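Here the structure is a predicted model, which means the values were calculated and not measured. Reminder, nothing fancy here: chain letters follow the sequence lines and each chain counts from 1.
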Number of protein chains: 2
Amino acid sequence: MKMDARKQQVLLALITDFIATAEPVGSRTIARKYTLGVSPATIRNEMADLEEMGFIEQPHTSAGRVPSHKGYRYYVDFLMKKHDLSRQEEELISQGYKEKVRDVGHVIHLTGGLLSQITSYAAVVVTPKPIAGSLKHVQMILMNPGRAMVVVVMNTGAVHHRIIEVAEGITQTDLDTISQVFNAKLQGQNMDTIKLTLIKEIYFELSKHRNILDLAMFLINDSLTLEGEEKIYLGGVFNILNQPEFNNVDKVKTLLSLLEQEDLLCSLLERNTEPEGVTVLIGDEIKRDEMKECSIVTASYNFNGIPLGSIGVLGPTRMDYARVVSVVECMTRNLNEALEKLSRGWK
Amino acid sequence: MKMDARKQQVLLALITDFIATAEPVGSRTIARKYTLGVSPATIRNEMADLEEMGFIEQPHTSAGRVPSHKGYRYYVDFLMKKHDLSRQEEELISQGYKEKVRDVGHVIHLTGGLLSQITSYAAVVVTPKPIAGSLKHVQMILMNPGRAMVVVVMNTGAVHHRIIEVAEGITQTDLDTISQVFNAKLQGQNMDTIKLTLIKEIYFELSKHRNILDLAMFLINDSLTLEGEEKIYLGGVFNILNQPEFNNVDKVKTLLSLLEQEDLLCSLLERNTEPEGVTVLIGDEIKRDEMKECSIVTASYNFNGIPLGSIGVLGPTRMDYARVVSVVECMTRNLNEALEKLSRGWK
DNA sequence: GGTTGGCACTCGACGGCATAGAGTGCTAAC
DNA sequence: GTTAGCACTCTATGCCGTCGAGTGCCAACC
């Protein structure tokens with residue numbers, strides 16, 4: 001069987017209607033609401049074909065049709081017309097970013113809030129990976145004998161810190177020395193370079209301070225590997241409870257228990273394959289049984305061309321893809337700009 | 001009408017049973033399951049009295065009785081027997097804190113996770129207020145012309161940072177000078193003292209650097225007032241969806257939308273009046289209509305005797321108060337110890 | 001050959017009804 | 001003061017019949 005223009009029209013009408021109403025769509029409804037110029041009987045025939053092709057399915061014999069995941073996929077790839085955001089929405093977004101921006105974490109939070117507010121679905125935003133960006137400043141502070149705090153500032157504006165154990169004899173002066181060497185040698189380098197090529201150089205430089213050499217090595221190997229420190233912003237979860245597909249407490253429960261596993265959420269968001277642009281994952285494409293009735297729309301945001309993290313929207317498979325994709329695109333642009341501003345200064 | 005010993009027995013039995021089963025409790029049930037030595041008819045009479053006194057109520061004529069908020073309050077204040085935690089639970093908690101502790105934020109996260117896991121309700125933990133504790137180190141880093149990052153490290157191990165705008169002409173050397181003065185003058189002071197008494201001193205000290213004086217003043221007034229920066233850990237929300245009182249999606253929705261308002265949650269947790277020990281807020285005592293079917297058990301944790309923040313458990317009014325109070329007490333103790341360790345070093 | 005109207009059939013949603021069961025309050029007896 | 005008995009109330013449950021939306025198929029039509 002071949003997909004022709006009229007089948008596309010019917011599929012488009014059906015999905016559009018289902019997204020709007022959440023009710024199975026019958027042939028009569030399509031004939032009445034969408035002017036295809038044919039009778040319900042004809043549409044019934046087309047629908048039977050579409051069902052055979054796997055694009056739509058029937059919850060039960062005497063109900064209308066509902067899009068399948070394959071149907072949504074076809075819709076997103078070929079049929080969907082992105083409509084531009086309304087004046088009002090554009091306004092809301094740029095207004096949100098007008099606010100005085102304090103730091104990266106703040107911007108992330110802001111973005112998540114806006115995203116869920118505008119789309120009425122749940123928003124997920126992953127904060128920058130520490131390895132992204134380059135090192136701006138390292139400072140070590142002796143908290144009390146045997147314990148020091150390492151503070152690392154990245155050029156992205158992200159600040160990471162960690163408490164480490166040091167030998168009892170180490171003084172703040174020793175730590176200052178190390179900090180200075182680190183700053184001199186490592187400033188402006190990105191994390192990969194730091195780990196791979198510069199260990200030797202520092203080793204040499206610090207050899208005159210034999211007593212603190214071990215500490216320095218320890219620092220490089222342990223403290224600066226700040227991996228697994230991504231944080232996540234999750235907001236607007238109550239939004240998706242407004243969706244009729246979540247009027248069942250059990251479904252809400254499985255979804256919520258999944259959303260509380262931050263690391264899992266991170267890995268989901270990082271599956272956006274396209275470097276530029278928006279990725280849409282529909283239903284079982286997420287490869288998680290608990291989310292087979294959900295879809296995720298993600299995009300990654302950049303800083304100086306390096307992908308820092310991702311933003312995403314999570315909703316039911318019956319999500320308004322056209323709108324959400326537009327919003328995510330727009331938000332990514334705004335976020336990139338905001339980060340740019342944050343790093344370069346305003347005027 | 002006067003509360004006598006037998007009325008107390010009946011009330012205790014009724015509340016115990018209701019907490020366990022979530023079903024209205026009838027006179028027959030109490031007579032059968034709890035050996036009070038009297039017949040159902042007598043219990044019926046006592047129950048009629050208790051209802052008149054406002055401790056219990058009837059959902060409808062032909063149902064058993066259910067505790068009122070007043071009843072729970074009486075239970076918590078006078079009847080409840082705290083049972084010690086089981087060997088297994090104690091184990092679980094201390095095991096959780098065995099893990100290598102990285103920083104304050106990490107401990108907070110850990111605590112929240114354990115709390116929700118053990119109680120099977122939702123856990124809320126407020127991170128330390130920046131004003132608590134004393135200043136350990138200030139560092140200013142020029143990010144690019146006109147923008148600097150201020151990093152403040154507290155003796156509690158908390159690290160706060162913020163980006164500020166500075167005059168274009170300011171160099172890193174200028175910032176180092178300011179940082180040095182700040183550190184010399186402010187180290188070991190708490191935030192209140194800093195704000196109130198030391199401005200003058202620094203003003204004097206820096207007067208030789210006229211050009212950066214304005215910046216210094218700005219910093220003190222703006223950047224160091226890190227208020228409103230409390231973060232919150234919220235976990236185990238899906239737990240309370242297991243409670244039968246939340247099998248209605250509407251209730252879940254109102255609760256969730258409330259829980260997403262972090263500032264509101266903070267203010268709820270900070271209502272724990274008793275400086276030492278556990279505070280229980282029952283139903284409408286929370287003074288929030290959306291939470292009139294919830295209770296909150298909170299306690300505040302300390303560092304060197306200063307209250308830093310609060311931990312809390314949120315569940316339905318039909319919560320197992322005895323158990324939760326014990327757990328919160330135990331967790332507070334453990335958290336205090338962990339913070340102590342974090343600040344003093346292990347051995 | 002594609003399109004259309006007609007018709008029988010299917011299946012879930014909804015409302016009414018009867019029944020069962022739990023629990024109470026009252027009364028009279030102990 | 002306590003207890004047993006009894007009539008009464010109210011909800012939950014399950015069963016049915018009806019209604020309506022929607023389909024699939026068939027025959028007629030352009």
Side-chain angles (χ1 to χ4, degrees), chain A residues 1-11 13-15 17-18 20-68 71 244-245 247-248, chain B residues 1-11 13-15 17-18 20-68 71 244-245 247-248:
Chain A
M1 188 119 23
K2 206 168 104 266
M3 179 64 95
D4 59 24
R6 195 169 64 192
K7 283 192 184 32
Q8 287 190 339
Q9 279 189 307
V10 173
L11 184 56
L14 189 141
I15 295 185
D17 203 76
F18 185 67
T21 65
E23 298 288 329
V25 189
S27 54
R28 236 177 77 87
T29 312
I30 294 185
R32 207 169 354 101
K33 293 197 353 198
Y34 305 84
T35 47
L36 304 191
V38 290
S39 78
T42 310
I43 294 175
R44 276 207 289 284
N45 290 331
E46 297 288 19
M47 281 164 79
D49 291 352
L50 284 170
E51 181 164 11
E52 199 180 323
M53 294 159 78
F55 290 115
I56 58 181
E57 42 202 37
Q58 236 175 337
H60 56 258
T61 324
S62 74
R65 301 303 211 294
V66 158
S68 67
E245 30 271 277
N247 56 7
N248 173 337
Chain B
M1 188 120 21
K2 205 167 106 268
M3 178 66 93
D4 58 25
R6 196 169 64 191
K7 283 192 182 33
Q8 286 191 339
Q9 278 190 310
V10 173
L11 184 56
L14 189 140
I15 295 185
D17 203 75
F18 185 68
T21 65
E23 298 288 330
V25 188
S27 53
R28 235 177 78 88
T29 313
I30 292 184
R32 204 165 1 98
K33 294 199 347 200
Y34 305 84
T35 47
L36 304 191
V38 289
S39 76
T42 310
I43 294 176
R44 274 206 288 283
N45 289 331
E46 297 289 17
M47 281 164 81
D49 291 352
L50 285 169
E51 180 163 12
E52 199 179 324
M53 293 159 77
F55 289 115
I56 59 181
E57 42 200 36
Q58 234 176 338
H60 53 84
T61 325
S62 74
R65 303 302 213 291
V66 158
S68 67
E245 29 272 276
N247 56 7
N248 172 339

With sequence neighbours excluded, residues passing side-chain contact (heavy atoms from CB on, under 4.5 Å) with A20(A):
none
Assign a letter to each nucleotide of nucleotides 11-30 of chain D from its 5' end: B, base within under 4.0 Å of a protein heavy atom; S, sugar-phosphate only; -, no contact.
S---------BSBBB-----
Which side-chain hydrogen bond (donor to acceptor under 3.5 Å, both in side chains) pairs, counting each pair once, include a residue from residues 56-65 of chain A, with sequence neighbours left out?
E51(A)-R65(A)
Rounded to the nearest 0.5 Å, how far apart are CD of Q8(B) and CZ of F55(B)?
9.0 Å
Applying side-chain contact (heavy atoms from CB on, under 4.5 Å) to L36(B) and I30(B), what does each step give before you reach the verdict?
CA-CA 8 Å; L36(B) 304 191; I30(B) 292 184; 4.1 Å; yes
Could you spell out the base pairing of DNA chain D in dot-bracket, with Watson-Crick or G-U pairs whose two distances are under 3.5 Å, [ ] crossing and | to another strand?
||||||||||||||||||||||||||||||
Under the salt bridge (Lys or Arg N to Asp or Glu O under 4.0 Å) rule, collect the residues that match up with R6(B), sequence neighbours excluded.
E46(B)
Take atom CD of E46(B) and atom P of dG23(C), then tell me their distance rounded to the nearest Å.
19 Å
How far apart are the closest heavy atoms of G54(A) and S68(A), and which atoms are they?
O-OG, 2.6 Å
Nearest heavy-atom neighbours spanning V25(A) and M47(A):
O-CE, 3.6 Å
Would you mind reading off the distance between D4(A) atom CG and dT3(C) atom P, rounded to a whole angstrom?
9 Å
May I have the distance from D49(B) (atom CG) to dT24(C) (atom P), rounded to whole angstrom?
14 Å
I43(B) CD1 to dA4(D) C1': how many Å, rounded?
14 Å
In whole Å, what is the span from the NZ atom of K2(A) to the P atom of dG2(C)?
12 Å
With side-chain hydrogen bond (donor to acceptor under 3.5 Å, both in side chains) as the rule and sequence neighbours excluded, what pairs involving residues 21-34 of chain A come up?
D17(A)-K33(A), D17(A)-Y34(A), S27(A)-R44(A)
Whole-Å gap separating P (dG21(C)) and CD (E23(B)):
17 Å
